[in-house]
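We count ligands from 1, going down the list as the structure has it; atoms in each ligand are counted the same way. Counting from 1, the numbers follow the sequence of the chain as shown.
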Amino acid sequence: MKIFDCPGAPNPARIRIVLAAKGLDSSVEFVKVDLIGAEHKRSEYLEKNPLGTLPALQLDDGTYLAECTAITEYLDNLDGNPILTGKTPKEKGVIHMMQKRAESELIDAVGIYFHHATPGLGDDLRPYKSPEWTDRSVWGNKQRDKALQGMKYFDQVLKSTPFVAGQQFSMADITVFAGLMFADVAGIEIPETCVTLKAWRATVAELPSVKNRSGQNFDAEDLRRLGF
Ligand code: GTS
């Protein structure tokens with residue numbers, strides 16, 4: 001299998017955590033796609049994933065899977081022992097519900113804010129993300145408020161359960177964790193009042209699959225291109 005992704009990027013990090021949790025790191029070849037250079041918007045990559053997003057997983061038979069939820073379902077069920085997407089119908093239902101909320105209320109909102117209301121990843125990607133820069137920044141800023149509301153929502157959820165979808169760490173936690181990573185990059189601070197969310201984040205950061213996932217940072221060349 002091959003994973004097309006970019007080390008250090010938030011959505012790709014979701015799958016790197018899954019791979020670590022499932023002990024599958026050595027079963028995949030990581031292929032770096034130049035996110036800053038907008039390589040994921042060129043035809044060669046669009047043939048793999050027409051939506052032009054990272055990550056994408058290429059199976060050994062040539063099938064491409066995009067969308068972290070779908071990739072996670074696939075990888076988690078490969079060995080017949082799902083640990084991140086639920087075993088029972090109820091677990092699966094609750095995990096998928098919270099996973100969707102983690103996307104719509106947090107990571108996707110942060111992503112829209114980052115790409116439409118801030119300089120984002122710079123000049124090469126801008127034509128694909130923010131062609132109408134000024135108008136869209138208003139919309140982008142609303143997504144920042146949405147992400148902050150999302151953080152408050154998950155803070156409330158975590159007051160009654162140790163993890164986002166209940167008693168066990170799941171793909172919903174991975175998505176919230178990656179959403180907060182993305183928020184750091186975008187400059188959206190977790191509200192002071194979200195004490196429970198911050199404590200949960202510290203706990204999750206220490207889980208072996210999260211702590212030991214591969215490729216946690218952009219490489220030096222990427223950082224130079226971003227002006228660091
Ligand atoms: N819903 C998608 C998924 O689950 O895979 C989101 C993927 C996504 O937005 N990936 C980002 C991307 O490719 C990369 S990153 O922002 O997480 O680093 N964005 C390009 C685009 O055009 O949205």
Novice: Shortest non-hydrogen contact from Leu65 to Ile71?
Specialist: O-CD1, 3.5 Å
Novice: Got the closest protein heavy atom to atom 4 (O) of ligand 1, with its distance?
Specialist: Cys68 N, 2.9 Å
Novice: If you measure every N/O of Glu67 against every N/O of ligand 1, is any gap under 3.5 Å?
Specialist: yes
Novice: Does NZ belonging to Lys100 count more than 12 external heavy atoms closer than 6.0 Å?
Specialist: no
Novice: How about CD on Glu189, more than 12 heavy atoms from neighbouring residues, nucleotides or ligands closer than 6.0 Å, or not?
Specialist: no
Novice: What residue and heavy atom of the protein are closest to atom 8 (C) of ligand 1, and at what distance?
Specialist: Asn11 ND2, 3.4 Å
Novice: Measuring from non-hydrogen atoms of Pro12 to any atom of ligand 1, is the shortest distance under 4.0 Å?
Specialist: yes
Novice: With heavy atoms only and a cut-off of under 4.0 Å, state how Leu35 meets ligand 1: side chain, backbone, both or neither.
Specialist: side chain
Novice: Heavy-atom distance under 4.5 Å between the side chains of Val157 and Met98, does that happen here?
Specialist: yes
Novice: Go through ligand 1 atom by atom and flag the ones less than 4.0 Å from a non-hydrogen atom of Glu103.
Specialist: 4 (O)
Novice: Which protein non-hydrogen atom lies closest to atom 18 (O) of ligand 1, naming both residue and atom, and how far is it?
Specialist: Ala9 CB, 3.1 Å
Novice: Nearest non-hydrogen atom to atom 22 (O) of ligand 1 belongs to which of Lys41, His40, Arg14?
Specialist: Lys41
Novice: Would you tell me which option among Val185, Thr69, Leu54, Leu51 has the nearest heavy-atom contact to atom 14 (C) of ligand 1?
Specialist: Leu54
Novice: A quick test of your reading: do over 12 heavy atoms of other residues, nucleotides or ligands sit less than 6.0 Å from CD of Glu39?
Specialist: yes
Novice: Below 4.5 Å, heavy atoms only, C-beta onward: do Leu125 and His40 meet side chain to side chain?
Specialist: yes
Novice: Any chance you could lay out the side-chain hydrogen bond (donor to acceptor under 3.5 Å, both in side chains) test for Trp200 and Asp155, step after step, and finish with the verdict?
Specialist: CA-CA 9 Å; Trp200 164 90; Asp155 183 65; over 6 Å; no
Novice: Heavy atoms only, cut-off 4.0 Å: how does Phe182 contact ligand 1, side chain, backbone, both, or neither?
Specialist: side chain
Novice: Check whether any heavy atom of Gly111 sits under 4.0 Å from an atom of ligand 1.
Specialist: no
Novice: Report the nearest protein non-hydrogen atom to atom 21 (C) of ligand 1: residue, atom name, distance rounded to 0.1 Å.
Specialist: Lys129 NZ, 2.9 Å
Novice: State plainly whether the residues Glu105 and Lys152 are in salt-bridge range, i.e. N to O under 4.0 Å.
Specialist: no
